[in-house]
Asks: 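This is the structure, below, for whatever I ask next.
Just so we're on the same page: letters track the sequence lines, and every chain starts at 1. Please read these numbers as outputs of a predicted model, since none were measured by experiment.
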Protein chains: 2
Amino acid sequence: MVKRLEHYTSSQCPVACSLDILGDHWTLLIIRELLFTQNHQYRDLLTIPEGISSNILSDRLKKLEEQEIIASAYRPDNKRDKLYYLTERGKGLIFVILEISRWADQNLGDRILISDDCRPMLDQPPKTVAKQIFKQLAEWEAANVND
Amino acid sequence: MVKRLEHYTSSQCPVACSLDILGDHWTLLIIRELLFTQNHQYRDLLTIPEGISSNILSDRLKKLEEQEIIASAYRPDNKRDKLYYLTERGKGLIFVILEISRWADQNLGDRILISDDCRPMLDQPPKTVAKQIFKQLAEWEAANVND
DNA sequence: TATTATTAATTGCATTATGCAAGCATTTGA
DNA sequence: TCAAATGCTTGCATAATGCAATTAATAATA
């Protein structure tokens, strides 16, 4: 039997163990959406421009919930709407995403485009950006989640 | 034919386009080695504790070289020794790796271990750490690479 | 109340990626 | 000249992914 070994079974390196969770093509895109957009439902996430498959989305949401990076709740007044949102652990990934974006801005300039909306996030200190984003998320949570 | 689409064909998002390059289980571990250790040869990289397969290592080195994140050169006095090293583009990923490590330190504490050697890298400002590491790499390059 | 639509998935199947062992060409030291 | 080391490549089995179709539960509509 050849099963993929997770790094944490052979390494306690913080990079390796993080890659067990984040090291694929889709996970950070889901976190990007939950951080920066109003897309908090399954159907919203299915519409990201990169075009994620429904089975992959389902799998990643499950794994992220297992790792307590996201949580979910049904909207009380409409049980058809399941809302996904970041935990504190998940929100902390904003600093990783900002550094990746900064690297891409400096090194993949021909391939990428930073919109005018997003540019300030690379020009300001990460902590300032995070504080602002966290405030927005808190407001969204106050309005949509109660647990 | 169902071929995996690279994100850059459908998105100009810096996160998505970076994931085309970095979004797997192994790439950042290779970059970690080239940044922080003296492991600059194929056989060295094969011995990382996470246990990378030789075909995967070969594939990733090739792709990283295509993306100009690493470069390689044979040691002039011994053509059997091929040395891999980071380009400026590759070195810039130190900030991503430091942020991932910081996140892991704060959120995956039960799974990971930061050695006494590495701890200062999380306690000092990233720029300070980078400057120090870049100096070490420059010294190594001066002694081992000439192109 | 019956029907239809929406949502959040799950299933099936073909293709691609990965893990592991073995093999190969080139270089080098003896 | 020959054996060992190096940097890969190949073959094969298993796992992950992409895409289309389907499903169960809930909500809206007739």
Asks: Under 3.5 Å, side chain of B:Ser11 to main-chain N/O of B:His7, donor-acceptor pair present?
Replies: no
Asks: Just N and O in the side chain of B:Ser58: are any of them under 4.0 Å from OP1 or OP2 of D:dC8?
Replies: no
Asks: Please report, rounded to the nearest Å, how far the C1' atom of C:dA14 is from the CD1 atom of A:Ile56.
Replies: 14 Å
Asks: Once you round it to whole Å, what is the distance between P of C:dT10 and CG of A:Leu57?
Replies: 11 Å
Asks: Remember a base hit wins even if backbone is also touched, and classify A:Asn78 as base, sugar-phosphate or nothing at under 4.0 Å, heavy atoms.
Replies: sugar-phosphate
Asks: Just to verify, which of B:Tyr84, B:Tyr85, B:Trp140 counts as forming a ring-ring contact (aromatic ring centres under 6.0 Å, His included) with B:His40?
Replies: B:Trp140
Asks: Starting from P on C:dC20, measure out to CD on B:Glu50 and report it in whole angstrom.
Replies: 13 Å
Asks: Give the nucleotide from the list D:dC8, D:dA21, C:dC20 with an atom nearest to the side chain of B:Tyr84.
Replies: D:dC8
Asks: Can you measure B:His40 atom NE2 to D:dG7 atom C1' for me and round it to whole angstrom units?
Replies: 17 Å
Asks: Measure the spacing between SG of B:Cys13 and CD1 of A:Ile97 and express it to the nearest 0.5 Å.
Replies: 8.5 Å
Asks: Where the side chain of A:Arg80 is concerned, which of D:dA27, D:dA20, C:dA8 is the nearest nucleotide?
Replies: D:dA27
Asks: Take atom OH of B:Tyr42 and atom P of D:dT6, then tell me their distance rounded to the nearest Å.
Replies: 13 Å
Asks: Could you say whether B:Lys62 or A:Arg60 is positioned toward the 5' end of DNA chain D, judged by the nucleotide with the nearest heavy atom to each?
Replies: B:Lys62
Asks: If you pin B:Asp81 and A:Trp26 to their nearest nucleotides in DNA chain D, which one's is more 5'?
Replies: B:Asp81
Asks: Across the strands shown, which category fits B:Asn55 at heavy-atom distances under 4.0 angstrom: base, sugar-phosphate, nothing?
Replies: base
Asks: With a 4.5 Å limit on heavy-atom distance, are the side chains of B:Glu33 and B:Asp44 in contact?
Replies: no
Asks: Taking atom P of D:dG11 as reference, at what distance in whole Å does atom CG of B:Asp59 sit?
Replies: 17 Å
